[in-house]
Colleague: 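There's a structure below that I have some questions on.
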Amino acid sequence: GAVVSQHPSWVICKSGTSVKIECRSLDFQATTMFWYRQFPKQSLMLMATSNEGSKATYEQGVEKDKFLINHASLTLSTLTVTSAHPEDSSFYICSAAKRDRGNEQYFGPGTRLTVT
Amino acid sequence: AQSVTQLDSQVPVFEEAPVELRCNYSSSVSVYLFWYVQYPNQGLQLLLKYLSGSTLVKGINGFEAEFNKSQTSFHLRKPSVHISDTAEYFCAVSYNQGGKLIFGQGTELSVKP
(Lines give C-alpha, C1' and ligand atoms only; values in the text may rest on other atoms or scores of the structure.)
Protein backbone atom coordinates (compact mmCIF):
# COMPACT_ATOMS: atom_id res chain seq x y z
CA GLY A 1 0.00 0.00 0.00
CA ALA A 2 0.84 3.67 -0.08
CA VAL A 3 -0.96 5.60 2.58
CA VAL A 4 -0.53 9.29 3.26
CA SER A 5 -2.05 10.92 6.30
CA GLN A 6 -2.58 14.53 7.25
CA HIS A 7 -3.08 16.02 10.65
CA PRO A 8 -5.23 17.74 11.62
CA SER A 9 -8.11 16.99 9.26
CA TRP A 10 -9.61 20.35 10.10
CA VAL A 11 -8.55 23.34 12.14
CA ILE A 12 -10.04 26.68 13.10
CA CYS A 13 -7.69 29.42 14.19
CA LYS A 14 -7.87 33.11 14.93
CA SER A 15 -6.47 35.69 12.57
CA GLY A 16 -2.83 36.44 13.31
CA THR A 17 -1.98 33.04 14.75
CA SER A 18 0.07 30.30 13.12
CA VAL A 19 -1.02 26.77 12.37
CA LYS A 20 1.01 23.70 11.46
CA ILE A 21 -0.22 20.91 9.21
CA GLU A 22 1.55 17.57 9.10
CA CYS A 23 1.82 15.22 6.14
CA ARG A 24 3.08 11.70 6.74
CA SER A 25 3.76 8.79 4.43
CA LEU A 26 2.78 5.87 6.65
CA ASP A 27 4.19 2.86 4.84
CA PHE A 28 6.83 4.21 2.50
CA GLN A 29 9.63 6.73 2.39
CA ALA A 30 9.15 9.84 0.35
CA THR A 31 12.07 12.01 -0.63
CA THR A 32 9.65 14.38 -2.31
CA MET A 33 6.35 15.70 -1.05
CA PHE A 34 4.08 18.28 -2.59
CA TRP A 35 1.72 20.80 -1.02
CA TYR A 36 -1.43 21.91 -2.82
CA ARG A 37 -4.14 24.40 -2.03
CA GLN A 38 -7.72 24.03 -3.16
CA PHE A 39 -10.42 26.67 -2.95
CA PRO A 40 -14.08 25.60 -2.94
CA LYS A 41 -15.23 24.24 -6.27
CA GLN A 42 -11.81 24.85 -7.78
CA SER A 43 -8.81 22.85 -8.84
CA LEU A 44 -5.65 22.06 -6.93
CA MET A 45 -2.88 24.59 -7.18
CA LEU A 46 0.63 23.47 -6.40
CA MET A 47 2.17 25.62 -3.68
CA ALA A 48 5.56 24.03 -3.23
CA THR A 49 7.69 20.96 -3.70
CA SER A 50 9.33 19.68 -0.55
CA ASN A 51 12.52 17.62 -0.70
CA GLU A 52 13.86 15.84 2.34
CA GLY A 53 16.84 17.60 3.81
CA SER A 54 16.72 20.64 1.57
CA LYS A 55 14.77 23.82 1.12
CA ALA A 56 11.37 23.67 -0.48
CA THR A 57 10.81 24.98 -3.98
CA TYR A 58 7.90 27.39 -4.07
CA GLU A 59 5.68 28.10 -7.04
CA GLN A 60 5.46 31.60 -8.39
CA GLY A 61 3.23 33.79 -6.28
CA VAL A 62 3.46 31.69 -3.12
CA GLU A 63 5.01 33.55 -0.19
CA LYS A 64 7.69 31.34 1.27
CA ASP A 65 7.84 33.35 4.50
CA LYS A 66 4.15 32.89 5.03
CA PHE A 67 3.93 29.21 4.14
CA LEU A 68 6.86 27.55 5.86
CA ILE A 69 7.64 24.04 4.72
CA ASN A 70 9.90 21.63 6.55
CA HIS A 71 10.71 18.13 5.30
CA ALA A 72 12.80 16.88 8.17
CA SER A 73 12.49 13.15 7.53
CA LEU A 74 11.64 10.74 4.74
CA THR A 75 8.13 10.29 6.13
CA LEU A 76 7.16 13.73 7.37
CA SER A 77 6.66 17.14 5.84
CA THR A 78 5.03 20.07 7.61
CA LEU A 79 3.35 23.20 6.34
CA THR A 80 3.09 26.11 8.74
CA VAL A 81 0.77 28.96 7.85
CA THR A 82 2.19 31.93 9.70
CA SER A 83 0.15 34.94 10.78
CA ALA A 84 -2.94 33.45 9.22
CA HIS A 85 -5.64 35.65 7.74
CA PRO A 86 -9.18 34.80 6.60
CA GLU A 87 -8.03 34.69 2.98
CA ASP A 88 -5.76 31.77 3.92
CA SER A 89 -8.84 29.69 4.65
CA SER A 90 -8.71 26.81 2.25
CA PHE A 91 -8.34 23.06 1.82
CA TYR A 92 -4.67 22.06 1.94
CA ILE A 93 -3.68 18.74 0.42
CA CYS A 94 -0.29 17.08 0.44
CA SER A 95 1.06 14.27 -1.67
CA ALA A 96 4.09 12.03 -1.36
CA ALA A 97 6.07 10.57 -4.24
CA LYS A 98 6.73 6.82 -4.01
CA ARG A 99 10.06 6.06 -5.58
CA ASP A 100 9.45 2.42 -6.44
CA ARG A 101 6.26 3.40 -8.27
CA GLY A 102 8.05 5.80 -10.60
CA ASN A 103 7.58 8.62 -8.10
CA GLU A 104 3.82 8.42 -8.47
CA GLN A 105 2.12 10.82 -6.09
CA TYR A 106 -0.13 9.53 -3.34
CA PHE A 107 -2.43 12.09 -1.81
CA GLY A 108 -3.37 12.77 1.76
CA PRO A 109 -7.00 13.32 2.80
CA GLY A 110 -6.56 17.07 3.12
CA THR A 111 -6.78 19.62 5.92
CA ARG A 112 -9.56 22.18 6.08
CA LEU A 113 -8.23 25.44 7.50
CA THR A 114 -10.66 28.14 8.62
CA VAL A 115 -9.26 31.43 9.85
CA THR A 116 -11.70 33.58 11.80
CA ALA B 1 2.41 27.86 -20.77
CA GLN B 2 1.58 24.29 -20.00
CA SER B 3 -2.08 23.77 -19.27
CA VAL B 4 -4.85 21.24 -18.90
CA THR B 5 -8.39 21.98 -19.96
CA GLN B 6 -11.41 20.07 -18.83
CA LEU B 7 -14.10 21.16 -21.19
CA ASP B 8 -17.09 20.46 -18.97
CA SER B 9 -17.40 21.87 -15.47
CA GLN B 10 -20.51 19.82 -14.74
CA VAL B 11 -21.82 16.62 -16.27
CA PRO B 12 -25.22 15.38 -15.14
CA VAL B 13 -26.09 11.85 -16.21
CA PHE B 14 -28.62 9.19 -15.32
CA GLU B 15 -27.63 6.01 -13.58
CA GLU B 16 -26.48 3.19 -15.91
CA ALA B 17 -25.88 5.65 -18.76
CA PRO B 18 -22.46 5.98 -20.37
CA VAL B 19 -20.33 9.02 -19.63
CA GLU B 20 -17.33 10.77 -21.12
CA LEU B 21 -15.36 13.45 -19.30
CA ARG B 22 -13.16 15.43 -21.62
CA CYS B 23 -9.59 16.54 -21.07
CA ASN B 24 -7.18 18.31 -23.38
CA TYR B 25 -3.63 19.36 -22.64
CA SER B 26 -1.14 21.67 -24.26
CA SER B 27 2.23 20.20 -24.99
CA SER B 28 4.60 19.44 -27.81
CA VAL B 29 6.67 17.04 -25.74
CA SER B 30 6.03 13.71 -24.11
CA VAL B 31 3.65 13.80 -21.19
CA TYR B 32 2.34 11.61 -18.46
CA LEU B 33 -1.40 11.82 -17.96
CA PHE B 34 -3.60 11.09 -14.98
CA TRP B 35 -7.23 11.06 -13.91
CA TYR B 36 -8.09 11.49 -10.24
CA VAL B 37 -11.39 11.35 -8.38
CA GLN B 38 -12.20 13.44 -5.34
CA TYR B 39 -15.14 12.79 -3.07
CA PRO B 40 -16.38 15.68 -0.87
CA ASN B 41 -13.88 16.84 1.72
CA GLN B 42 -11.42 14.14 0.81
CA GLY B 43 -8.08 13.89 -0.94
CA LEU B 44 -7.52 12.57 -4.43
CA GLN B 45 -7.61 8.97 -5.53
CA LEU B 46 -5.90 7.86 -8.71
CA LEU B 47 -8.29 6.36 -11.25
CA LEU B 48 -5.79 5.65 -14.00
CA LYS B 49 -2.64 6.91 -15.65
CA TYR B 50 -0.90 6.90 -18.98
CA LEU B 51 2.88 6.72 -18.92
CA SER B 52 3.65 4.95 -22.19
CA GLY B 53 2.60 1.98 -24.30
CA SER B 54 -1.01 1.20 -25.12
CA THR B 55 -3.08 4.32 -25.63
CA LEU B 56 -6.15 2.73 -24.04
CA VAL B 57 -5.75 2.70 -20.31
CA LYS B 58 -8.03 0.86 -17.94
CA GLY B 59 -8.42 2.01 -14.37
CA ILE B 60 -10.35 1.30 -11.23
CA ASN B 61 -14.13 1.33 -10.82
CA GLY B 62 -14.70 0.47 -14.48
CA PHE B 63 -13.20 3.67 -15.88
CA GLU B 64 -10.95 3.85 -18.92
CA ALA B 65 -9.26 6.60 -20.89
CA GLU B 66 -7.69 6.90 -24.30
CA PHE B 67 -4.56 8.89 -25.01
CA ASN B 68 -4.77 10.66 -28.35
CA LYS B 69 -1.50 12.36 -29.15
CA SER B 70 -2.64 14.04 -32.35
CA GLN B 71 -5.59 15.64 -30.59
CA THR B 72 -3.69 16.12 -27.30
CA SER B 73 -6.60 14.58 -25.46
CA PHE B 74 -7.09 12.08 -22.67
CA HIS B 75 -10.83 11.62 -22.27
CA LEU B 76 -12.23 9.51 -19.45
CA ARG B 77 -15.09 7.10 -20.12
CA LYS B 78 -17.32 4.67 -18.30
CA PRO B 79 -19.94 2.59 -20.10
CA SER B 80 -22.43 2.52 -17.23
CA VAL B 81 -22.26 4.84 -14.24
CA HIS B 82 -23.50 4.30 -10.70
CA ILE B 83 -24.81 6.74 -8.12
CA SER B 84 -21.57 6.18 -6.22
CA ASP B 85 -19.59 7.67 -9.12
CA THR B 86 -20.91 11.11 -8.17
CA ALA B 87 -17.76 13.09 -7.41
CA GLU B 88 -15.31 15.63 -8.79
CA TYR B 89 -12.91 14.36 -11.43
CA PHE B 90 -9.55 15.95 -12.21
CA CYS B 91 -7.33 15.43 -15.21
CA ALA B 92 -3.64 16.13 -14.64
CA VAL B 93 -0.44 16.17 -16.65
CA SER B 94 3.19 15.85 -15.72
CA TYR B 95 6.10 16.54 -18.03
CA ASN B 96 8.50 14.23 -16.28
CA GLN B 97 7.92 11.08 -14.29
CA GLY B 98 7.53 11.99 -10.68
CA GLY B 99 7.44 15.67 -11.47
CA LYS B 100 4.88 18.20 -10.43
CA LEU B 101 1.32 17.76 -11.60
CA ILE B 102 -0.69 20.39 -13.42
CA PHE B 103 -4.39 19.93 -12.84
CA GLY B 104 -7.38 20.80 -14.93
CA GLN B 105 -10.27 22.74 -13.50
CA GLY B 106 -12.23 19.65 -12.58
CA THR B 107 -15.51 18.16 -13.76
CA GLU B 108 -18.34 17.54 -11.38
CA LEU B 109 -20.05 14.30 -12.31
CA SER B 110 -23.56 14.04 -10.94
CA VAL B 111 -25.30 10.70 -11.37
CA LYS B 112 -29.05 10.78 -10.91
CA PRO B 113 -31.36 7.83 -10.33
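Proteins get letters first, then strands, A, B, ... in listed order; numbering begins at 1 in each. Predicted model, so just to flag it, every value in this text is computed and none were measured.
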Colleague: Shortest non-hydrogen contact from A:Tyr36 to A:Ser95?
Modeller: CE1-OG, 3.6 Å
Colleague: With a 4.5 angstrom heavy-atom cut-off, is it the side chain or the backbone of B:Phe90 that approaches chain A, or both, or neither?
Modeller: side chain
Colleague: Give a yes-or-no answer on whether the side chains of A:Ser77 and A:Trp35 include a donor-acceptor pair shorter than 3.5 Å.
Modeller: yes
Colleague: Do we see a donor-acceptor contact under 3.5 Å between the side chains of A:Gln38 and B:Gln38?
Modeller: yes
Colleague: Do A:Ser90 and A:Asp88 have side-chain N/O donor and acceptor atoms under 3.5 Å apart?
Modeller: no
Colleague: Cation-pi between B:Lys49 and B:Phe34: NZ/CZ under 6.0 Å from ring centre and within 45° of the ring axis?
Modeller: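 No cation-pi geometry.
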Colleague: Under 4.5 Å from any heavy atom of chain B, what part of A:Gln105 do you find: side chain, backbone, both or neither?
Modeller: both
Colleague: Heavy-atom distances under 4.5 Å only: say whether B:Tyr36 touches chain A with side chain, backbone, both or neither.
Modeller: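 Contact with chain A: side chain only.
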Colleague: Side chain, backbone, both or neither: which part of B:Leu101 has a heavy atom under 4.5 Å from chain A?
Modeller: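 It is both, since atoms from each part get that close.
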Colleague: Quick check on B:Glu108 against chain A: is it the side chain, the backbone, both or neither that has a heavy atom closer than 4.5 Å?
Modeller: side chain
Colleague: Output the distance between atom OG (B:Ser110) and atom CZ (B:Phe14), rounded to the nearest 0.5 Å.
Modeller: 10.0 Å
Colleague: Measuring heavy-atom distances to chain A, does B:Leu46 have an atom under 4.5 Å in its side chain, in its backbone, in both, or in neither?
Modeller: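 It is the side chain, since no backbone atom gets that close.
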Colleague: Identify which part of A:Ile93 has an atom lying under 4.5 Å from any heavy atom of chain B, answering side chain, backbone, both or neither.
Modeller: side chain
